[in-house]
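Start at 1 with the first residue, then count along the sequence. Computed from a predicted structure; not experimentally measured.
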Amino acid sequence: MQGQQESARTPKTRHNAPVHVTGPVPRFSGWLCLSTLLVAAPAGAGAWIKAPGDGYAKLGSSSFVSGVAYDDDGVLAATDPFSLRAETIYGYAEVGIAPRLMLVGYAPWVASTNQLTGDDGSLAFHTLGFGDAQLGLQFGIVQDAPLVVAARADLKVPLYQGAPSIQGRSVVAVDGFPKSAGSFPALGDGQVDLTTSLSVGASFPFDGFFTWETGYRLRTGDVSDAFVGAGTTGVYFLNRRLLPLLNLAFVYSLDARKRSDGVATETLGKGYVSTGLACMIMLDEIAQGLALEVGADLVFRGRNAAGGVNLQSGISYAF
(Lines give C-alpha, C1' and ligand atoms only; values in the text may rest on other atoms or scores of the structure.)
Protein backbone atom coordinates (compact mmCIF):
# COMPACT_ATOMS: atom_id res chain seq x y z
CA MET A 1 0.00 0.00 0.00
CA GLN A 2 1.30 3.40 -0.86
CA GLY A 3 2.03 6.00 1.78
CA GLN A 4 0.06 9.10 2.56
CA GLN A 5 2.76 11.36 1.19
CA GLU A 6 2.68 9.70 -2.23
CA SER A 7 -1.12 9.61 -2.40
CA ALA A 8 -1.32 13.36 -1.91
CA ARG A 9 0.64 14.08 -5.08
CA THR A 10 -1.05 15.07 -8.34
CA PRO A 11 1.20 14.07 -11.26
CA LYS A 12 0.88 15.49 -14.73
CA THR A 13 -0.97 13.45 -17.33
CA ARG A 14 1.30 11.87 -19.92
CA HIS A 15 0.18 10.41 -23.23
CA ASN A 16 0.05 6.61 -23.05
CA ALA A 17 0.97 6.75 -19.38
CA PRO A 18 -0.79 5.91 -16.12
CA VAL A 19 -2.47 8.78 -14.30
CA HIS A 20 -2.72 8.55 -10.54
CA VAL A 21 -5.77 10.00 -8.74
CA THR A 22 -6.50 9.15 -5.14
CA GLY A 23 -8.91 9.87 -2.37
CA PRO A 24 -8.50 8.94 1.29
CA VAL A 25 -6.37 5.82 1.53
CA PRO A 26 -8.30 2.77 2.83
CA ARG A 27 -6.67 0.02 4.88
CA PHE A 28 -6.50 -2.96 2.52
CA SER A 29 -4.36 -6.04 2.98
CA GLY A 30 -3.99 -6.45 -0.78
CA TRP A 31 -5.81 -6.07 -4.10
CA LEU A 32 -6.04 -7.35 -7.62
CA CYS A 33 -5.81 -5.00 -10.60
CA LEU A 34 -7.48 -6.25 -13.74
CA SER A 35 -6.89 -6.19 -17.47
CA THR A 36 -8.43 -3.29 -19.37
CA LEU A 37 -8.53 -5.22 -22.61
CA LEU A 38 -10.27 -8.37 -21.53
CA VAL A 39 -12.51 -8.57 -24.54
CA ALA A 40 -10.61 -8.73 -27.78
CA ALA A 41 -11.13 -6.76 -30.95
CA PRO A 42 -14.55 -6.84 -32.61
CA ALA A 43 -15.54 -10.06 -34.32
CA GLY A 44 -14.14 -10.27 -37.82
CA ALA A 45 -15.79 -10.98 -41.14
CA GLY A 46 -16.17 -14.66 -40.47
CA ALA A 47 -15.36 -16.81 -43.47
CA TRP A 48 -16.59 -14.43 -46.18
CA ILE A 49 -14.03 -12.38 -48.10
CA LYS A 50 -14.73 -8.89 -49.39
CA ALA A 51 -14.34 -8.43 -53.13
CA PRO A 52 -11.45 -6.20 -54.26
CA GLY A 53 -12.36 -2.60 -53.47
CA ASP A 54 -15.26 -3.54 -51.20
CA GLY A 55 -15.02 -3.12 -47.48
CA TYR A 56 -16.48 -2.48 -44.07
CA ALA A 57 -15.46 0.22 -41.59
CA LYS A 58 -16.60 0.79 -38.03
CA LEU A 59 -16.07 3.45 -35.39
CA GLY A 60 -17.05 1.86 -32.11
CA SER A 61 -16.88 2.12 -28.36
CA SER A 62 -17.01 -0.41 -25.57
CA SER A 63 -17.50 -0.13 -21.80
CA PHE A 64 -16.21 -2.96 -19.64
CA VAL A 65 -17.33 -3.13 -16.02
CA SER A 66 -15.96 -5.74 -13.64
CA GLY A 67 -16.27 -6.63 -9.98
CA VAL A 68 -14.85 -10.16 -10.03
CA ALA A 69 -11.57 -11.79 -11.01
CA TYR A 70 -10.30 -15.27 -11.81
CA ASP A 71 -6.93 -16.57 -10.68
CA ASP A 72 -4.55 -18.77 -12.66
CA ASP A 73 -6.63 -21.85 -11.82
CA GLY A 74 -9.90 -20.30 -13.01
CA VAL A 75 -11.20 -19.85 -9.46
CA LEU A 76 -12.86 -16.63 -8.39
CA ALA A 77 -10.09 -14.71 -6.65
CA ALA A 78 -10.50 -13.57 -3.06
CA THR A 79 -9.76 -9.85 -3.19
CA ASP A 80 -10.58 -6.73 -1.30
CA PRO A 81 -13.54 -4.77 -2.72
CA PHE A 82 -12.62 -3.34 -6.10
CA SER A 83 -14.17 -2.34 -9.38
CA LEU A 84 -12.72 -1.95 -12.85
CA ARG A 85 -14.08 0.30 -15.59
CA ALA A 86 -12.51 0.43 -19.03
CA GLU A 87 -13.73 2.69 -21.83
CA THR A 88 -12.43 1.93 -25.31
CA ILE A 89 -12.85 3.86 -28.55
CA TYR A 90 -11.69 1.93 -31.59
CA GLY A 91 -11.56 1.83 -35.34
CA TYR A 92 -12.00 -1.42 -37.27
CA ALA A 93 -11.87 -2.05 -41.00
CA GLU A 94 -11.98 -4.85 -43.59
CA VAL A 95 -10.97 -4.16 -47.20
CA GLY A 96 -10.72 -6.54 -50.14
CA ILE A 97 -7.31 -6.03 -51.73
CA ALA A 98 -7.23 -8.88 -54.26
CA PRO A 99 -9.39 -11.80 -55.35
CA ARG A 100 -10.07 -13.90 -52.22
CA LEU A 101 -7.73 -11.73 -50.15
CA MET A 102 -8.79 -9.23 -47.49
CA LEU A 103 -6.92 -6.86 -45.18
CA VAL A 104 -8.21 -6.43 -41.61
CA GLY A 105 -7.17 -3.72 -39.14
CA TYR A 106 -8.04 -2.64 -35.60
CA ALA A 107 -6.75 0.17 -33.35
CA PRO A 108 -8.08 1.09 -29.87
CA TRP A 109 -7.69 3.96 -27.42
CA VAL A 110 -8.36 2.99 -23.80
CA ALA A 111 -9.13 4.80 -20.55
CA SER A 112 -9.39 2.53 -17.53
CA THR A 113 -9.76 2.86 -13.78
CA ASN A 114 -9.10 0.35 -11.05
CA GLN A 115 -10.87 1.58 -7.91
CA LEU A 116 -10.84 0.15 -4.42
CA THR A 117 -13.50 1.18 -1.92
CA GLY A 118 -13.48 0.63 1.81
CA ASP A 119 -14.79 2.02 5.05
CA ASP A 120 -12.06 4.66 5.13
CA GLY A 121 -12.50 5.90 1.58
CA SER A 122 -11.46 4.94 -1.91
CA LEU A 123 -8.29 4.66 -3.93
CA ALA A 124 -8.23 4.85 -7.73
CA PHE A 125 -5.55 4.16 -10.33
CA HIS A 126 -6.07 5.43 -13.89
CA THR A 127 -4.37 4.32 -17.10
CA LEU A 128 -5.04 5.79 -20.52
CA GLY A 129 -3.49 5.46 -23.94
CA PHE A 130 -3.48 3.41 -27.12
CA GLY A 131 -3.89 -0.33 -26.62
CA ASP A 132 -3.10 -3.34 -28.82
CA ALA A 133 -3.39 -2.75 -32.57
CA GLN A 134 -4.11 -5.67 -34.88
CA LEU A 135 -3.35 -6.17 -38.54
CA GLY A 136 -4.43 -9.26 -40.42
CA LEU A 137 -4.76 -10.95 -43.79
CA GLN A 138 -7.60 -13.33 -44.62
CA PHE A 139 -7.61 -15.64 -47.63
CA GLY A 140 -10.71 -17.38 -48.99
CA ILE A 141 -9.99 -21.07 -49.51
CA VAL A 142 -13.55 -21.98 -50.54
CA GLN A 143 -15.96 -19.14 -51.28
CA ASP A 144 -18.42 -20.21 -53.98
CA ALA A 145 -20.03 -23.10 -52.12
CA PRO A 146 -22.74 -23.71 -49.49
CA LEU A 147 -19.95 -23.98 -46.88
CA VAL A 148 -17.26 -21.31 -47.15
CA VAL A 149 -13.78 -21.66 -45.67
CA ALA A 150 -11.06 -19.06 -45.08
CA ALA A 151 -7.64 -18.87 -43.43
CA ARG A 152 -6.44 -15.86 -41.49
CA ALA A 153 -3.26 -14.56 -39.85
CA ASP A 154 -3.31 -11.65 -37.38
CA LEU A 155 -0.43 -9.72 -35.86
CA LYS A 156 -1.09 -7.93 -32.57
CA VAL A 157 1.30 -5.08 -31.73
CA PRO A 158 1.22 -3.09 -28.45
CA LEU A 159 1.05 0.69 -28.99
CA TYR A 160 2.40 1.34 -25.50
CA GLN A 161 5.37 0.46 -23.34
CA GLY A 162 4.53 -3.09 -22.39
CA ALA A 163 5.70 -6.06 -20.38
CA PRO A 164 4.01 -9.31 -19.33
CA SER A 165 1.19 -8.21 -17.01
CA ILE A 166 0.34 -10.00 -13.77
CA GLN A 167 -3.44 -10.58 -13.58
CA GLY A 168 -3.93 -7.35 -15.49
CA ARG A 169 -1.48 -5.27 -13.42
CA SER A 170 1.05 -3.22 -15.31
CA VAL A 171 4.59 -4.09 -14.30
CA VAL A 172 6.09 -1.09 -16.10
CA ALA A 173 7.63 1.44 -13.71
CA VAL A 174 5.62 4.62 -13.18
CA ASP A 175 7.66 7.75 -12.58
CA GLY A 176 6.95 9.23 -9.18
CA PHE A 177 5.03 6.27 -7.83
CA PRO A 178 7.55 3.53 -6.99
CA LYS A 179 5.39 2.05 -4.22
CA SER A 180 2.27 1.70 -6.36
CA ALA A 181 3.69 1.20 -9.86
CA GLY A 182 2.24 -2.33 -10.01
CA SER A 183 -1.26 -1.22 -9.10
CA PHE A 184 -2.20 0.51 -12.33
CA PRO A 185 -4.41 -1.39 -14.82
CA ALA A 186 -2.50 -2.68 -17.83
CA LEU A 187 -3.38 -1.60 -21.36
CA GLY A 188 -2.72 -5.19 -22.46
CA ASP A 189 -0.26 -8.01 -21.85
CA GLY A 190 2.50 -6.06 -23.59
CA GLN A 191 3.34 -8.84 -26.03
CA VAL A 192 3.45 -9.18 -29.79
CA ASP A 193 1.07 -12.01 -30.80
CA LEU A 194 0.71 -13.96 -34.02
CA THR A 195 -2.63 -15.75 -34.41
CA THR A 196 -3.39 -18.15 -37.24
CA SER A 197 -6.95 -19.42 -37.62
CA LEU A 198 -9.36 -21.24 -39.90
CA SER A 199 -12.92 -19.99 -40.45
CA VAL A 200 -16.03 -21.74 -41.74
CA GLY A 201 -19.44 -20.28 -42.49
CA ALA A 202 -22.72 -21.05 -44.17
CA SER A 203 -26.11 -19.54 -44.88
CA PHE A 204 -29.29 -21.02 -43.41
CA PRO A 205 -32.20 -22.08 -45.66
CA PHE A 206 -34.00 -19.07 -44.21
CA ASP A 207 -32.50 -15.56 -44.13
CA GLY A 208 -29.65 -16.17 -41.70
CA PHE A 209 -26.08 -17.44 -41.33
CA PHE A 210 -23.48 -18.77 -38.95
CA THR A 211 -19.70 -18.51 -38.85
CA TRP A 212 -17.04 -19.98 -36.59
CA GLU A 213 -13.28 -19.60 -36.44
CA THR A 214 -10.66 -21.28 -34.29
CA GLY A 215 -6.90 -20.93 -34.18
CA TYR A 216 -3.64 -20.82 -32.28
CA ARG A 217 -2.15 -17.69 -30.71
CA LEU A 218 1.64 -17.59 -30.48
CA ARG A 219 2.62 -15.09 -27.81
CA THR A 220 6.13 -13.72 -27.80
CA GLY A 221 8.03 -12.94 -24.63
CA ASP A 222 7.30 -14.64 -21.33
CA VAL A 223 3.56 -15.22 -21.79
CA SER A 224 1.96 -18.62 -22.47
CA ASP A 225 0.36 -19.36 -25.86
CA ALA A 226 -3.37 -19.98 -26.35
CA PHE A 227 -6.06 -21.57 -28.46
CA VAL A 228 -8.77 -19.12 -29.54
CA GLY A 229 -12.24 -19.38 -30.99
CA ALA A 230 -15.17 -17.14 -31.89
CA GLY A 231 -18.53 -17.68 -33.52
CA THR A 232 -21.60 -15.70 -34.59
CA THR A 233 -25.12 -16.69 -35.58
CA GLY A 234 -27.45 -14.11 -37.16
CA VAL A 235 -30.95 -14.01 -38.60
CA TYR A 236 -32.39 -11.08 -40.58
CA PHE A 237 -35.79 -9.57 -39.79
CA LEU A 238 -38.00 -6.78 -41.11
CA ASN A 239 -36.93 -7.12 -44.73
CA ARG A 240 -33.23 -7.27 -43.75
CA ARG A 241 -33.41 -4.04 -41.76
CA LEU A 242 -32.67 -5.74 -38.45
CA LEU A 243 -29.96 -8.33 -37.77
CA PRO A 244 -29.87 -9.83 -34.23
CA LEU A 245 -26.66 -11.74 -33.49
CA LEU A 246 -25.61 -14.35 -30.94
CA ASN A 247 -21.86 -14.32 -30.18
CA LEU A 248 -19.53 -16.73 -28.40
CA ALA A 249 -15.78 -16.34 -27.91
CA PHE A 250 -13.04 -18.00 -25.90
CA VAL A 251 -9.32 -17.78 -25.27
CA TYR A 252 -7.85 -20.94 -23.73
CA SER A 253 -4.39 -20.15 -22.45
CA LEU A 254 -1.91 -22.96 -22.12
CA ASP A 255 -0.29 -23.55 -18.75
CA ALA A 256 2.84 -21.54 -18.10
CA ARG A 257 6.09 -23.39 -18.68
CA LYS A 258 7.94 -24.44 -15.53
CA ARG A 259 11.42 -25.51 -14.64
CA SER A 260 12.13 -28.94 -13.21
CA ASP A 261 11.85 -27.47 -9.70
CA GLY A 262 8.31 -26.21 -10.41
CA VAL A 263 9.17 -22.52 -10.80
CA ALA A 264 7.27 -20.87 -13.68
CA THR A 265 9.42 -19.39 -16.44
CA GLU A 266 6.58 -17.38 -18.02
CA THR A 267 3.34 -15.65 -17.10
CA LEU A 268 0.05 -17.43 -17.71
CA GLY A 269 -1.68 -15.67 -20.60
CA LYS A 270 -5.11 -14.18 -20.09
CA GLY A 271 -7.93 -16.59 -20.89
CA TYR A 272 -11.71 -16.21 -20.81
CA VAL A 273 -15.09 -17.32 -22.14
CA SER A 274 -17.72 -14.76 -23.16
CA THR A 275 -21.14 -14.82 -24.75
CA GLY A 276 -23.68 -12.18 -25.60
CA LEU A 277 -26.20 -10.62 -27.94
CA ALA A 278 -25.75 -7.89 -30.51
CA CYS A 279 -27.88 -6.23 -33.16
CA MET A 280 -27.28 -4.35 -36.39
CA ILE A 281 -29.91 -1.78 -37.38
CA MET A 282 -29.64 -0.93 -41.06
CA LEU A 283 -29.82 2.78 -41.84
CA ASP A 284 -30.07 2.52 -45.62
CA GLU A 285 -32.61 5.37 -45.67
CA ILE A 286 -29.80 7.68 -44.57
CA ALA A 287 -27.00 6.11 -46.62
CA GLN A 288 -26.70 2.74 -48.35
CA GLY A 289 -24.52 0.46 -46.21
CA LEU A 290 -24.80 2.53 -43.02
CA ALA A 291 -25.73 0.68 -39.81
CA LEU A 292 -26.00 1.20 -36.06
CA GLU A 293 -24.52 -1.61 -33.96
CA VAL A 294 -25.18 -2.33 -30.28
CA GLY A 295 -24.45 -5.32 -28.08
CA ALA A 296 -23.51 -6.74 -24.70
CA ASP A 297 -21.19 -9.59 -23.73
CA LEU A 298 -20.88 -11.41 -20.41
CA VAL A 299 -17.45 -12.75 -19.43
CA PHE A 300 -18.38 -15.61 -17.11
CA ARG A 301 -15.21 -17.74 -16.95
CA GLY A 302 -11.53 -16.94 -17.00
CA ARG A 303 -7.95 -17.55 -15.95
CA ASN A 304 -5.68 -14.66 -14.96
CA ALA A 305 -8.50 -12.37 -16.07
CA ALA A 306 -11.46 -10.30 -14.99
CA GLY A 307 -15.09 -11.24 -15.31
CA GLY A 308 -17.80 -8.75 -16.08
CA VAL A 309 -20.01 -7.13 -18.68
CA ASN A 310 -18.85 -5.46 -21.88
CA LEU A 311 -21.28 -3.05 -23.60
CA GLN A 312 -20.65 -2.25 -27.27
CA SER A 313 -21.95 0.40 -29.65
CA GLY A 314 -20.84 1.87 -32.94
CA ILE A 315 -21.58 3.12 -36.42
CA SER A 316 -20.51 1.01 -39.39
CA TYR A 317 -20.45 1.47 -43.13
CA ALA A 318 -20.26 -1.25 -45.77
CA PHE A 319 -18.99 -0.14 -49.16
Side-chain angles (χ1 to χ4, degrees), residues 2 7 10-11 13-26 28 30-42 59-71 76-77 79-91 106-118 120-132 158-160 162 165-172 174 177 180-190 249 270 272-276 278 293-302 304-314:
Q2 68 201 50
S7 68
T10 306
T13 301
R14 292 184 292 127
H15 178 70
N16 246 13
V19 181
H20 193 204
V21 180
T22 67
V25 179
F28 290 113
W31 59 79
L32 182 65
C33 298
L34 306 174
S35 174
T36 64
L37 291 181
L38 177 65
V39 180
L59 178 62
S61 68
S62 67
S63 299
F64 180 65
V65 180
S66 171
V68 297
Y70 298 95
D71 64 15
L76 280 176
T79 67
D80 294 313
F82 69 90
S83 63
L84 172 74
R85 293 175 315 215
E87 305 292 333
T88 303
I89 298 174
Y90 61 87
Y106 168 80
W109 189 89
V110 184
S112 62
T113 298
N114 186 56
Q115 183 165 339
L116 307 171
T117 303
D120 297 332
S122 63
L123 180 65
F125 297 89
H126 304 288
T127 304
L128 57 122
F130 289 100
D132 291 315
L159 301 180
Y160 52 90
S165 57
I166 305 298
Q167 291 182 323
R169 299 194 309 269
S170 175
V171 298
V172 177
V174 180
F177 300 95
S180 59
S183 300
F184 291 92
L187 290 170
D189 62 18
K270 174 180 58 190
Y272 64 88
V273 182
S274 70
T275 188
E293 300 187 22
V294 294
D297 294 302
L298 174 65
V299 182
F300 60 92
R301 293 291 300 273
N304 186 20
V309 176
N310 192 52
L311 304 177
Q312 301 259 2
S313 63

For A249, check side chain to side chain contact (heavy atoms under 4.5 Å, CB included) against everything at least two apart and list the hits.
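Residues passing side chain to side chain contact (heavy atoms under 4.5 Å, CB included) with A249: A230, S274.
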List for me each residue that meets side chain to side chain contact (heavy atoms under 4.5 Å, CB included) alongside L298, sequence neighbours excluded, and say none if there are none.
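Counting only residues at least two positions away or on another chain, L298 forms a side chain to side chain contact (heavy atoms under 4.5 Å, CB included) with F300, V309.
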Residues D132, Y160; criterion side chain to side chain donor-acceptor pair (under 3.5 Å); working and verdict
CA-CA 8 Å; D132 291 315; Y160 52 90; 2.9 Å; yes
Mind checking the [atom1]-[atom2] spacing from [X] to [Y]? Nearest 0.5 Å is all I need.
X: R301; Y: L76; atom1: CZ; atom2: CG; answer: 9.0 Å
X: T113; Y: R85; atom1: OG1; atom2: CZ; answer: 5.0 Å
X: I89; Y: F130; atom1: CD1; atom2: CZ; answer: 10.0 Å
X: L128; Y: L187; atom1: CG; atom2: CG; answer: 8.0 Å

Going by atom types alone, do S62 and Q312 pair a side-chain donor with an acceptor below 3.5 Å?
no
Who pairs with S313 by side-chain hydrogen bond (donor to acceptor under 3.5 Å, both in side chains), at least two apart in sequence or on another chain?
S61
Answer whether the closest heavy-atom distance between the side chains of L159 and W109 falls below 4.5 Å.
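No - every pair of side-chain heavy atoms lies 4.5 Å or more apart.
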Is any side-chain heavy atom of F64 less than 4.5 Å from a side-chain heavy atom of L84?
yes
Do other residues, nucleotides or ligands put more than 12 heavy atoms under 6.0 Å from the CG atom of L311?
yes
Can you name the nearest heavy-atom pair linking V299 to A306, along with the distance?
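Result for this residue pair: CG1-O, 3.6 Å.
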